[in-house]
Amino acid sequence: MAAALGMLKLSLLLNLLSNANLNLWPKNVGIFPPTCSHIECPDYQVIHAGDGFEIRSYNSSVWMSTAPLPDISLVEATRTGFLLLFDYIQGNNKYEEKIEMTGPVITEISPSDGPFCESSFTVSFYVPKANQANPPPAVGLHIQEWKPTYVAVRQFGGFVSNFNVGEEAAALQASIVDTVWSAAIERSHGADSATSYVVAQYNSPFEFDNRVNEIWIPFDIENGLVM
């Protein structure tokens, strides 16, 4: 009986850790992800700090990406995509070259039209600067070349779940309503600007403290900055 009770408690704990949004970090912006102090992350400049959001400018960069993964679960699709990318950096590529881990791992989300329909998830890994000029190709993966890009960002802590990402994306969109940034996003994305977004995760699943996640809405600005 005691052993069975212990296994039940362990099962419940693992379930909570895998699904709960443990808010161990404030829902804010301006926090430098601690992970980026020991692994490479893309460089950016903060060009505007707003109420609950910031606008960043990223330079051109190269990302290695999965094909779009149809699923009803962000968590499961990200896990599937990350395993493919992890094999890639471990040497499962054309050059059989091991590649340094970077952050963040991002999941681009194109939501479905209904609550029980599959969405589309593309999981990407930032290619280190040492490999940007000639990233090793791999079966089932493709290169995404980002031109200089602006990104609206909201940060949140804990573990990413299928439930909190929608809330955080909605909060980001609400925070930029009626700003010049919202107008720029609408011009850049058209009708899809309100639904397509990116989840950026900086931490290993085994890190429980100081977790930093972000919602990104990438966009372009024509004719320079709008202020």
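The first residue in the sequence is number 1, and the count goes up from there. Everything quoted here is computed from the prediction, not taken from an experiment.
The minimum heavy-atom distance between A184 and I221, with the atom names listed, is CB-CG1, 4.4 Å. In terms of heavy-atom proximity, A138 sits nearest to Y88 at CB-CD1, 3.6 Å. Nearest heavy-atom pair across M64 and L85 is O-CD2, 3.6 Å. Counting all heavy atoms, side chain and backbone alike, M101 lies closest to I39 at O-CB, 3.8 Å. Contact detail for E118 and P70: the closest heavy-atom pair is OE1-CB, 3.4 Å. Listed here is the closest heavy atom pair of A77 and L69: O-CD1, 3.5 Å.
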Going through the checks in order, is the side chain to side chain contact (heavy atoms under 4.5 Å, CB included) test met by V199 and I215?
-> CA-CA 5 Å; V199 178; I215 300 292; 4.0 Å; yes
Derivation and outcome, ring pair (Phe, Tyr, Trp, His ring centres under 6.0 Å), residues Y58 and W216 | CA-CA 12 Å; Y58 283 87; W216 292 1; 5.3 Å; yes
For Y150 and Y44, run side chain to side chain contact (heavy atoms under 4.5 Å, CB included): C-alpha distance rounded to whole Å, both residues' side-chain angles, the deciding distance at 0.1 Å, then the answer.
-> CA-CA 9 Å; Y150 292 91; Y44 65 84; over 6 Å; no
For side chain to side chain contact (heavy atoms under 4.5 Å, CB included), just list the numbers for L74 and F121, CA-CA rounded to whole Å, side-chain angles, deciding distance to a tenth of an Å, and then say yes or no.
-> CA-CA 7 Å; L74 162 73; F121 303 92; 3.8 Å; yes
With side chain to side chain contact (heavy atoms under 4.5 Å, CB included) as the test, would you mind laying out the steps for T35 and E207 before giving the verdict?
-> CA-CA 10 Å; T35 304; E207 295 175 340; 4.0 Å; yes
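Using modelled atom types and a 3.5 Å distance limit, the side chains of T78 and T107 yield a donor-acceptor pair. Using a 3.5 Å distance cut-off with no hydrogens or angles, the side chains of S65 and S124 do pair a donor with an acceptor. Between the side chains of Q144 and E108, at least one donor N or O lies within less than 3.5 Å of an accepting N or O. No hydrogens or angles considered: a donor-acceptor pair under 3.5 Å links the side chains of E97 and N131.
Judged purely by atom type and a 3.5 angstrom limit, N203 uses its side chain to pair as donor or acceptor with the backbone of V212. A donor-acceptor pair is defined here as one N or O able to donate and one able to accept, closer than 3.5 Å; no such pair exists between the side chain of S182 and the backbone of T179. Under the 3.5 Å distance criterion, the side-chain polar atoms of Q132 are matched with a main-chain donor or acceptor of V62. A distance-only check finds no donor-acceptor pair linking the side chain of T66 to the backbone of L141 [under 3.5 Å].
Here the CG-CZ distance, from D51 to F53, works out to 8.0 Å after rounding to the nearest 0.5 Å. Interatomic distance, OG of S119 versus CD1 of I72, reported as 9.0 Å (0.5 Å rounding). Rounded to the nearest 0.5 angstrom, S175 OG and E54 CD are separated by 11.0 Å.
Ion pairing between a basic and an acidic side chain is recognised when a charged N comes within 4.0 Å of a carboxylate O; E167 and R154 show no such pairing. Salt-bridge annotation for D220 and K147: present, with a side-chain N of the basic residue lying under 4.0 Å from a carboxylate O of the acidic one.
Around CZ of F86, the count of heavy atoms belonging to other residues, nucleotides or ligands within 6.0 Å does not exceed 12. More than 12 heavy atoms of other residues, nucleotides or ligands shown are found within 6.0 angstrom of NZ on K129. Counting non-hydrogen atoms of other residues, nucleotides and ligands closer than 6.0 Å to CD of E100 gives a total of 12 or fewer.
Here the side chains of S110 and P68 are not in contact, with every heavy-atom distance at 4.5 Å or above.
No single ILVMFWY cluster, assembled from side-chain heavy atoms under 4.5 Å apart, contains both V105 and Y197.
Taking the centre and axis of the six-membered ring of Y202, the NZ or CZ atom of R211 falls outside the cone set by 45° and 6.0 Å.
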